[in-house]
Novice: 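Here it is, the structure in full.
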Protein chains: 2
Amino acid sequence: MKVASEIESFVVHFGEMGSRWGFNRTVGQMLALIVLSEQPLNAEQIAEMLGVSRGNVSMGLKELQSWQLIRTQPQPGDRKDYFKPAGSIWELALQVLAERRKREVEPTLSLLRSELMNADNVPEQQYAQQKMQEIHDLIELFSRWFDDVNKMNPESLKTLLKLGSGVGKVLGMKDRLIAKS
Amino acid sequence: MKVASEIESFVVHFGEMGSRWGFNRTVGQMLALIVLSEQPLNAEQIAEMLGVSRGNVSMGLKELQSWQLIRTQPQPGDRKDYFKPAGSIWELALQVLAERRKREVEPTLSLLRSELMNADNVPEQQYAQQKMQEIHDLIELFSRWFDDVNKMNPESLKTLLKLGSGVGKVLGMKDRLIAKS
DNA sequence: CTGAACTTTCAGAAATTTCTGAAAATTATA
DNA sequence: TATAATTTTCAGAAATTTCTGAAAGTTCAG
């Protein structure tokens, strides 16, 4: 791989991690490279730096665009497409979560809803149906929570995350507070 | 697959999803089956129901145990191992998240820390290093948050999730509240 | 229009992951 | 201790995913 060795190990590692986040090794490495590069990169540069084929890079770029993680930046006097991250690190992370929810969580919720809708009322399936209901409710709770906090501005969100379970202490006071207001 | 058809489609779907959560299709299906089954199941029953080999089930059970998602339950008068979920749906979900953090997030944080530690101070890498620092800080923030809320009891956690960004409104009142207490 | 520059496509090859099933290992019973 | 019941292991087979690179497609300047 033709990048500074300090960066290489991160790019490689990020490739491995990428596969946990819904895209394959090479796509993960491509994203890492684009994020760490101050200048936008073209397909040929990426292929060269990662030592993979031009065709593979083309497919990977398409995938990263479908995730809305990168976008093109026209370079004056050059017909090639140059790519840069579609937002800040923070925005990219939220975008990955949002996209995964759309691609994975929504279909699961739909399936569970329709299963529970058409459920026959036979005793030997009641236990399974109850578990499916619990799973549905849990996923929906997480999903709604994410949807909600995703709308917050990054600074508020950071504050919220830093507070963590400390929020619980504040919550305990909420009723009292509201009564006083 | 030898299970009620209402359950089958969920088990199959859960298998697909499982692969996004760190284990393969069959392991995902095995977990779904064990979770939906009121009675503990033995390896032979699972192999039979999913139509996979006994050896495959043995490996899958080992994996689910290493994730601490299932445990054995001795059945009087039967030498076979019978498996059941290691906790409630809620506990299993948190366990998957906790395990993934241990297996994926921690190594990434370590790598980033050591990269940033040994970073040379050469100008052409400053941008990349700054991005790595941002990624590190973001991951650490999420990680700490999760660690923290993971310690909450399920009921408080549910309340917190339901409140979502509504917490923001309460937070704005926090200083005032504390001043009054 | 023509042709050079660039990108995309996709069939087959390569790499990787998962699965099988028979043999080895383990465990309990008599 | 012998043996029957059960689980684990793992080499090779099968399935799946990813990658290559040449051909087809697109775009645009002249």
Side-chain angles (χ1 to χ4, degrees), chain A residues 1 11-34 40-67 70-84 103-104, chain B residues 1 11-34 40-67 70-84 103-104:
Chain A
M1 193 187 296
V11 171
V12 169
H13 180 90
F14 204 84
E16 306 303 329
M17 286 305 106
S19 64
R20 301 293 180 173
W21 287 87
F23 24 78
N24 69 38
R25 189 150 32 86
T26 303
V27 173
Q29 293 183 356
M30 288 173 55
L31 179 58
L33 214 50
I34 290 170
L41 299 173
N42 63 46
E44 211 168 356
Q45 291 174 315
I46 295 169
E48 164 82 0
M49 286 192 277
L50 296 180
V52 300
S53 76
R54 185 63 188 68
N56 196 357
V57 169
S58 178
M59 293 187 293
L61 289 169
K62 237 179 70 179
E63 174 144 30
L64 288 172
Q65 284 181 297
S66 84
W67 280 77
I70 62 174
R71 52 196 194 75
T72 57
Q73 165 103 305
Q75 294 290 87
D78 193 337
R79 272 173 60 187
K80 296 195 196 70
D81 284 336
Y82 282 77
F83 295 89
K84 66 173 193 179
R103 298 178 185 209
E104 298 164 22
Chain B
M1 194 187 294
V11 171
V12 169
H13 180 91
F14 204 84
E16 306 303 330
M17 286 304 105
S19 64
R20 302 292 181 174
W21 286 86
F23 25 79
N24 70 37
R25 187 150 35 86
T26 304
V27 174
Q29 293 182 356
M30 288 172 56
L31 179 58
L33 214 51
I34 291 170
L41 300 173
N42 64 44
E44 210 166 358
Q45 292 174 313
I46 294 170
E48 164 83 359
M49 287 192 276
L50 296 180
V52 299
S53 75
R54 185 63 188 67
N56 197 358
V57 169
S58 178
M59 292 187 293
L61 289 170
K62 237 179 69 178
E63 174 145 28
L64 288 171
Q65 283 181 298
S66 83
W67 280 77
I70 61 174
R71 54 196 193 75
T72 56
Q73 164 105 304
Q75 296 289 88
D78 193 338
R79 269 174 61 186
K80 295 195 195 71
D81 284 336
Y82 282 77
F83 296 88
K84 66 173 193 178
R103 297 179 187 210
E104 299 165 22

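As a basis for the values below, the full set of heavy atoms in this structure was taken, side chains included, without hydrogen atoms, waters or symmetry mates. Here is how names work: the chains are called A, B, and so on, in the same order as the sequence lines, proteins then strands, and each is numbered from 1. Bear in mind that the values here come from a model prediction, so they are computed numbers and not experimental data.
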Novice: List the residues meeting ring pair (Phe, Tyr, Trp, His ring centres under 6.0 Å) with A:F83, not counting sequence neighbours, and say none if there are none.
Specialist: none
Novice: Surrounding CD of B:Q73 (heavy atoms of other residues, nucleotides or ligands, distance under 6.0 Å), is the total greater than 12?
Specialist: yes
Novice: Quickly work out the B:D78 CG to D:dA5 P distance and round it to whole Å.
Specialist: 12 Å
Novice: If you look at every strand shown and take non-hydrogen atoms under 4.0 Å, does A:D81 touch a base, only sugar-phosphate, or nothing?
Specialist: sugar-phosphate
Novice: Starting at atom CD1 of B:I70, determine the distance to atom P of D:dT7, rounded to an integer number of angstrom.
Specialist: 12 Å
Novice: Could you state the atom-to-atom distance from CD1 of B:I46 to C1' of D:dT8 in whole Å?
Specialist: 15 Å
Novice: Which residue, B:L61 or A:F23, contacts DNA chain D at a nucleotide closer to its 5' end, judged by nearest heavy atom?
Specialist: B:L61
Novice: Could you state the CZ-C1' distance from A:R20 to C:dT16, rounded to the nearest angstrom?
Specialist: 14 Å
Novice: For C:dT9, take OP1 and OP2 only and decide whether either is under 4.0 Å from a side-chain N or O of A:K62.
Specialist: yes
Novice: Mind calculating the distance between NZ (A:K80) and P (D:dA29) to the nearest angstrom?
Specialist: 15 Å
Novice: Quick one: what's the B/S/- string for nucleotides 19-30 of chain C, heavy-atom cutoff under 4.0 Å, read 5' to 3'?
Specialist: SBB-----BS--
Novice: To the nearest angstrom, how far is B:E16 atom CD from D:dA15 atom C1'?
Specialist: 13 Å
Novice: Could you give me the CA-CA distance, side-chain angles and deciding distance for A:R71 and A:K84, then say whether side chain to side chain contact (heavy atoms under 4.5 Å, CB included) is met?
Specialist: CA-CA 6 Å; A:R71 52 196 194 75; A:K84 66 173 193 179; 3.4 Å; yes
Novice: Pick from A:V11, A:L41, A:V57: which one makes a side chain to side chain contact (heavy atoms under 4.5 Å, CB included) with A:M49?
Specialist: A:L41
Novice: If the condition is ring pair (Phe, Tyr, Trp, His ring centres under 6.0 Å), which residues does A:W67 pass it with, not counting sequence neighbours?
Specialist: A:F23
Novice: Please report, rounded to the nearest Å, how far the P atom of C:dT7 is from the CD atom of A:Q65.
Specialist: 11 Å
Novice: Would you say that more than 12 heavy atoms from the other residues, nucleotides or ligands in this model lie under 6.0 Å from the CD of A:E16, or not?
Specialist: yes
